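The structure appears below as structure tokens.
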Amino acid sequence: MKRYFANTHFKRLMSSVAAMAILELMTGPPGSALDPTAGFTGSFGEASSFFGLFRTQRWVVFLFIAFIMFGLWTSWLTWGAQVKTATTKAMSVPRSVSHKQPVRWGVTLVLLVVALLLPHLITDPFWQAAMVEQIAVYVLLALGLNVVVGFAGLLDLGFVAFYAIGAYTTAWVTGALPTAAPFGIHFNNFYAIPIAIGLAMGAGIILGAPTLRLRGDYLAIVTLGFGEIITIFANNLYGITGGSQGTKTIPHFSLHVGPVKYLWGLTPVPYYYLTIVFVILFLIGFRLLEHSRVGRAWTAIREDEVAAESVGINPLKYKVMAFAIGASTAGFAGVVTASQSNTIFPSSFTLQFSINILVLVIFGGMGSITGVVLGAIVIQTGSMYLLHTPPAGYQPQDLYIYLGALLVVMMIFRPAGLVPSRRRHREIGLAEAGEGHMDEVLTGDTP
Amino acid sequence: MLEVHDAVVRYGAITALHGISFEVAQGEIVALLGANGAGKTTTLRMLSGLHSPQSGQIIFEGQDVTTTKAHQFTSLGIGHVPEGRRIFPQMTVEENLEMGAFGRRGSYSDDMERMYQTFPILKERRKLIGGNLSGGEQQMLAIGRALMGQPRLLLLDEPSMGLAPMIVETIFRIIGEIRDSGTTVLVVEQNAAQALRLADRGYVMENGRIVFGDSASNLLTDARVRAVYLGESADS
């Protein structure tokens with residue numbers, strides 16, 4: 001028996017089976033108080049279809065998958081290195097091509113057309129609503145947090161605060177709160193945009209200026225506290241914010257310019273286009289910012305703060321700037337959500353929310369604009385899919401098991417994210433190519 | 001050019017500098033010598049704004065810079081090569097040099113060319129990321145980066161630290177060239193023999209005080225210096 005355990009093939013096989021057994025438990029039916037072992041026995045013994053071929057029990061299916069996993073694992077160990085070299089070679093060609101301006105513009109144009117046609121291709125009302133509320137808005141939020149976390153390297157766990165400020169400002173400006181609207185006028189939601197961005201930015205500066213001297217963990221704790229403070233304010237300042245009931249009377253966006261009149265209503269498609277326009281504007285803005293003087297200062301601070309100071313960069317100034325820009329993006333996202341859903345509740349502005357956005361950024365690739373957009377789309381689409389067509393036994397809170405597992409796997413295999421930022425990608429590329437070929441790797445990669 | 005009067009620096013209860021005074025004149029290389037913990041690095045940190053002195057005064061070109069912040073020093077004309085080089089590890093050599101010119105307005109391509117002439121190895125390596133360079137190359141990059149800010153006074157903290165003797169030789173030769181091209185240099189060094197051969201003047205520090213200062217040639221022959229700092233390296 002001992003000999004078997006020393007055998008690497010046997011160990012690999014057992015690991016595969018064990019992993020699948022855990023997955024089986026995770027995806028199996030929940031237990032109940034009456035029959036505590038039902039979750040366990042059901043996970044393995046429940047009837048299941050063997051890929052639609054014949055009826056059997058769950059354990060057979062999972063054992064089969066475990067064998068496949070064992071096979072893939074073994075063959076990866078045998079031929080993996082060759083495959084890696086081959087793909088690196090194959091990938092290096094399109095990578096260098098993709099940096100040519102016309103190709104990049106072409107790809108951007110195609111994506112733009114797809115984005116504009118999407119509501120006509122997907123007509124399911126659930127997905128149309130999800131595209132606005134759960135995907136486009138989250139892309140915006142992820143883009144904003146990416147400036148703070150990815151560009152400037154600051155860990156912000158209270159991002160939700162600025163989102164809440166944006167949402168409550170919309171309610172205030174449009175006269176949906178118990179507090180009187182400014183100057184007693186119920187403004188159009190469009191006016192809420194600059195005001196919300198301004199207020200969120202102001203909050204970012206007020207919070208950032210004294211606290212951004214802190215580093216790492218300390219900053220995370222302070223921002224965490226700030227997020228909680230805003231939620232508690234919203235919950236308890238009954239006369240100002242409407243308390244835990246929130247408000248349900250925020251109007252939709254409307255446009256009255258001369259003869260042009262348009263009211264954004266309950267249908268999600270007009271909101272989709274409105275949000276997409278702003279997503280594109282933010283994308284362009286952040287792309288320019290990334291390659292500007294400010295962007296380079298952020299990179300320098302992230303890499304070595306003392307060195308950054310020694311070349312004349314004021315770290316505090318640029319950190320506060322990143323914080324304010326991130327905050328204003330969240331504030332804007334708050335305006336869109338509040339207007340689109342007409343309602344806000346303090347209970348939706350939780351720490352969980354901040355962490356969700358952070359997961360999108362980490363998953364997509366910190367500091368990579370393409371990465372975080374893709375990360376937000378992938379994760380949000382995935383979780384919406386699970387909500388829309390849940391697999392047997394799936395409950396909404398199970399989502400976090402999957403997200404957690406996904407993050408663990410990501411950290412092992414792709415620690416820099418789905419689409420790592422170019423700087424990180426270059427670093428990884430260099431390490432894999434070895435010293436002799438550094439220059440070759442880099443020639444296609446210079447801005 | 002630079003005058004320090006009675007500067008006191010404390011870290012909490014510990015006094016690192018007990019009121020030191022010295023000066024650096026235009027166009028010379030001044031070496032600050034001393035054993036570990038003598039206060040050399042604290043002095044440089046103070047001069048580059050990373051620590052403000054609790055009392056005393058720092059005057060640069062007639063201007064009081066005692067409370068100036070670290071990031072403002074480059075625009076005053078003081079360049080700092082920090083201890084341990086501290087280049088930006090994920091930026092290329094080229095980008096590192098560009099960062100050195102961060103505080104400047106206008107074009108700096110002439111200076112880039114000049115840096116590549118002074119450090120030909122950096123030109124060869126200019127597309128490589130800084131973290132992959134050897135120690136000596138990183139030191140050259142750190143010096144080049146500081147020079148990109150067009151300093152009139154260059155502060156060098158332990159330029160020979162962790163480098164092979166042959167490379168130290170090169171680095172010191174280049175420091176000499178920097179002085180010859182008009183930049184004043186203040187260098188902190190443990191390698192006293194090497195530093196004194198290059199410097200015009202030197203100060204010897206001990207326990208947070210400057211015990212004496214003299215011309216480099218006098219220091220090299222001074223019995224006290226020979227006994228304490230050149231004991232082993234004097235023969236080599």
Side-chain angles (χ1 to χ4, degrees), chain A residues 96 150-151 153 212-213 290-321 366-368 416 420-447, chain B residues 44-45 47-50 68-105 124-134 138 141-142 144-151 154-157:
Chain A
S96 54
F151 289 172
L212 286 173
R213 293 162 210 273
E290 188 187 3
H291 297 292
S292 71
R293 213 176 125 77
V294 178
R296 289 196 305 150
W298 283 333
T299 312
I301 293 168
R302 204 177 58 216
E303 289 193 13
D304 191 329
E305 206 172 316
V306 172
E309 274 185 289
S310 86
V311 299
I313 295 167
N314 181 355
L316 188 63
K317 178 178 146 193
Y318 286 99
K319 282 180 178 180
V320 171
M321 209 185 270
M366 284 187 275
S368 153
S421 75
R422 242 154 102 195
R423 198 170 296 285
R424 283 165 203 246
H425 189 95
R426 175 162 63 197
E427 195 188 25
I428 291 161
L430 277 170
E432 282 177 359
E435 274 186 303
H437 306 289
M438 283 187 214
D439 251 323
E440 287 166 35
V441 174
L442 288 173
T443 37
D445 206 6
T446 37
Chain B
L44 269 209
R45 285 178 71 88
L47 289 178
S48 56
L50 292 168
T68 306
K69 295 210 169 62
H71 60 87
Q72 293 163 335
F73 271 87
T74 32
S75 52
L76 284 175
I78 300 181
H80 185 200
V81 182
E83 187 181 12
R85 309 185 270 272
R86 303 201 90 134
I87 53 150
F88 297 113
Q90 289 175 39
M91 293 191 191
T92 62
V93 168
E94 203 165 28
E95 288 168 328
N96 262 286
L97 289 177
E98 280 169 8
M99 287 313 299
F102 188 83
R104 287 170 57 184
R105 308 238 169 264
E124 261 172 60
R125 301 257 190 271
R126 73 181 188 282
K127 299 287 179 203
L128 293 194
I129 60 169
N132 284 356
L133 299 183
S134 73
Q138 286 190 3
L141 181 56
R145 187 180 65 187
L147 287 177
M148 285 298 289
Q150 289 182 317
L154 186 66
L155 310 176
L156 285 161
D157 201 347

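Note that the structure is predicted; figures quoted are calculated from it, not measured. In what follows, every chain begins at residue 1, and chains take the letters A, B, ... in the order their sequences are listed.
Of the inter-residue distances, the one linking A:D304 atom CG with B:M91 atom CE reads 10.0 Å to the nearest 0.5 angstrom.
Contacts between B:F102 and chain A at a heavy-atom distance below 4.5 Å involve backbone atoms as well as side-chain atoms.
Top candidate by heavy-atom pairs under 4.5 Å with chain A, chosen from B:S48, B:A146, B:A70, is B:A70.
The closest side-chain heavy-atom distance from B:M99 to A:I313 is below 4.5 Å. Two residues are said to be in side-chain contact when any heavy atoms from C-beta on lie closer than 4.5 Å; A:K317 and B:H71 fail this criterion. Taking the side chain as every heavy atom from C-beta outward, B:R145 and A:S310 approach each other to under 4.5 Å.
Scanning all heavy atoms of the two residues, the minimum distance from B:R104 to A:R293 falls at O-NH1, 4.5 Å. Across B:L50 and A:V306, no two heavy atoms sit closer than the pair CD1-CG1, 4.2 Å. Contact between B:F88 and A:A300 at its shortest, heavy atoms only, is CE2-O, 3.4 Å.
Although no hydrogens or angles enter the test, the distance criterion places a donor-acceptor pair under 3.5 Å between the side chain of A:E303 and the main chain of B:Q90.
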